[in-house]
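Order of the sequence lines sets the chain letters (A, B, ...), proteins ahead of strands, with each chain counted from 1.
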Protein chains: 2
Amino acid sequence: MDSKIKDVARAAGVSPTSVSRVLNNSPHVSEKLEKKVRQAIEQLNYTPSMIAKNLKRNKTNLIGVIIADVTSGYQASVLSGIEEECASNGYHLLVSNIKENTRKVLDYLYVFQEMRVDGIVLMHGKMTEEIRNFIKRTNIPIVAHADVGFDLPAVIIDNFQAAYDAVEYLIRRGHRRIAMLAGDMRDISEGQRRYDGYAAACERYGLTADESLVRCGDYKLDTGYRLAEELLADRGGAFTALFAASDDMAVGAINCFHDRGLRVPDDISVIGIDGGPLSDIVRPRLTAIHQPVDRITRAITDLLFERIGQGKDSRQDDQSGSILYIPHRLVEKESCKDC
Amino acid sequence: MDSKIKDVARAAGVSPTSVSRVLNNSPHVSEKLEKKVRQAIEQLNYTPSMIAKNLKRNKTNLIGVIIADVTSGYQASVLSGIEEECASNGYHLLVSNIKENTRKVLDYLYVFQEMRVDGIVLMHGKMTEEIRNFIKRTNIPIVAHADVGFDLPAVIIDNFQAAYDAVEYLIRRGHRRIAMLAGDMRDISEGQRRYDGYAAACERYGLTADESLVRCGDYKLDTGYRLAEELLADRGGAFTALFAASDDMAVGAINCFHDRGLRVPDDISVIGIDGGPLSDIVRPRLTAIHQPVDRITRAITDLLFERIGQGKDSRQDDQSGSILYIPHRLVEKESCKDC
DNA sequence: GACCGAATTGGTATCGATACCAACTGTTGC
DNA sequence: GCAACAGTTGGTATCGATACCAATTCGGTC
């Protein structure tokens, strides 16, 4: 902490340059010199300063992550995967948990920019005009794991199709009155897409659209519980199945039904999206559209590192880039049943 | 990104020093100058480099966090709390998820030291001699949220007493044959303390010690499931209650029992430790020793910032300091019943 | 009108590394 | 013995901010 490269150089009787060479395993270093230097490092308990190094190299090996809610099991598992990929490539994570609070996003983006992170992973779909502008202006590579509604490199499942598949599955099992717990639909993104998929499937199979069977909120468990309560109160008995836009909301709903004496799946079938750890924890186990976490985290980091690599030579300041759709699949567990 | 403070200075027709003053809201800056500078900043889309700033100030406003497993609901909620406290004090988090892998701890500690983080939160109790040495030598303030078994500032509940209370509660409800799912006991820490509390309560109330009712693992849900299976296979019927050293293990066990047709709490009572979000998610809701997350995160950050503040003037290189015990409480929910 | 102190502004060394260029050493071939 | 060259080593400018000291301006006072 206290000793600098110069101190080591002095103690070893060599130049700072040589110490630097030893630290970075450069070629053209004699064994004798290396030994002297390593000894001095040991003696002084020297640790190189990444701050200085970063300043000189103009690279930090930091990845900024904006996560909507770490206490969501699905998101935590994605975070964990990203961390692992990054660590094995020498990158470390600056994590910002916004607790679903969109207004914090911009602040953290600025922090990341000031910190000169090498890349950003954005795990939150709601946008504001300011956020969009920031993203378009910055030249830090960003990869989203969210349906942001504009042209930004992203790794996601096809949210429309995922919702469609979920609802179609319920319909095939004989359900005709299907409620939905949606995300926030005030933005053209995840929430909207998943709702659209729901609506499309309903229409395709000739189910009468009934807006009062759809409730919007965020993706949290408590919200799922609350909205399910509302549904029961307002429209109790009017639906035999429920499609929730996240595991957490689905489980919230299951718990609500359980607490009201309704049995899942006997009285009501429930299907979710994510298929994260929680889907195996609850009883009955949650049937859900499964987002393959491994493939997703892998794709996110691959894409990010690729873009970080490019940044050096080919200057591509804009954040345009195609969306990479990772195939989802419906995993049947125990929460759905024929009607 | 591209423009530096000098560019701004040139564009505004002032000195770099003045730009710096504007950026830091120093006194003695005329409105006219400030306006010119802000305009130039806007025009050049300038963002100050924290790297350079940090180098000069010798302070990073970064807190390194070593977390045992982010996918644990309890730990995620602690992380979330710490993040919030830190953010509101201008600090940001460098997060390392070790996935319960003790060997990664040392690597990350070195990374933190190289990054010159201002403080470290250690949320993992297992130690090695090397880790201990590192902690003793470094002068980065460290606060643990774990029972590490030696004199390091820590914020924890009294693990011995917590376990004792849990077991005593079961005994008071008439249980005499109580199994335990313990953490890892190869180290003198959390795992050991919680086991000791269990053993002490058993002894105090004259229960015959039966080592074969105790199984050790880590704190994960899957482990809880597996160990519960083992217990049932080896000692099925020999116990009416189970004390698990974490929420996750408790829920794993509950699920195992559920899958085997055993009812909780009717056939077996289960009590856990943590009282995190999961304890409200499972059905039956988990009765557990509750670790007050808010108070804990608050205490951790307070302690850390206090030590960071001190570092400047009074040099206190050693990491000794007392352990702060946060009072726990037993929260009765639905997973326990009279025997 | 000269002087004083406070407010405002600028110049430059510095934080701790690395990169680039220059210098030195020793070996080989003629 | 000398040139050529590869293998080592050292000196110093530099990354982009801030801190310290010096210079300047501006009122107001005597």
Between CD1 on residue A/Ile66 and NE2 on residue A/His145, distance to nearest 0.5 Å: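 One finds 14.5 Å between CD1 of A/Ile66 and NE2 of A/His145.
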Taking atom [atom2] of [N] as reference, at what distance in whole Å does atom [atom1] of [X] sit?
X	N	atom1	atom2	result
A/Leu55	D/dA17	CG	P	9 Å
A/Leu23	C/dA17	CG	C1'	10 Å
B/Leu44	D/dG16	CG	C1'	15 Å
A/Met50	C/dG16	CE	C1'	12 Å
A/Lys4	C/dA17	NZ	P	8 Å
B/Asn54	D/dG16	CG	P	15 Å
B/Ile5	D/dG16	CD1	P	11 Å
B/Ile51	D/dT18	CD1	C1'	16 Å

Would [X] and [Y] pass as an ion pair if we require N to O under 4.0 Å?
X	Y	result
A/Lys99	B/Glu84	yes
A/Asp294	A/Arg298	no
A/Asp7	A/Arg10	yes

Short side-chain N/O contact from A/Lys53 to OP1 or OP2 of C/dA17, under 4.0 Å: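 No, outside the criterion.
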OP1 or OP2 of C/dA17 under 4.0 Å from side-chain N/O of A/Lys56: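 Negative; the distance criterion is not met.
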Sugar-phosphate, base or nothing in reach of A/Asn24, heavy atoms under 4.0 Å: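 Since only primed, P, OP1 and OP2 atoms lie under 4.0 Å of A/Asn24, the category is sugar-phosphate.
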Geometric class of the A/Phe134/A/Tyr110 ring pair [parallel <30°, tilted 30-60°, perpendicular >60°]: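 Plane angle over 60°, so perpendicular.
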A/Tyr325: ring pair (Phe, Tyr, Trp, His ring centres under 6.0 Å) partners, not counting sequence neighbours: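 None.
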Ring-ring centroid check A/Tyr91 A/Phe305, cutoff 6.0 Å: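 Yes, ring centres under 6.0 Å apart.
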Residue met sooner reading DNA chain C from 5', once A/Pro16 and B/Ala52 are mapped to nucleotides: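 Its nucleotide being nearer the 5' end, the pick is B/Ala52.
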Set out, line by line, the N/O atom pairs under 3.5 Å between protein and nucleotides 7-10 of chain C.
residue	atom	partner	partner atom	Å
C/dT9	OP1	B/Ser30	OG	2.8
C/dT9	OP2	B/Ser30	N	3.0
C/dT9	OP2	B/Ser30	OG	3.2
C/dG10	OP2	B/Ser15	N	3.0
C/dG10	OP2	B/Ser15	OG	3.4
C/dG10	OP2	B/Ser18	OG	2.7
C/dG10	N7	B/Arg21	NH2	2.9

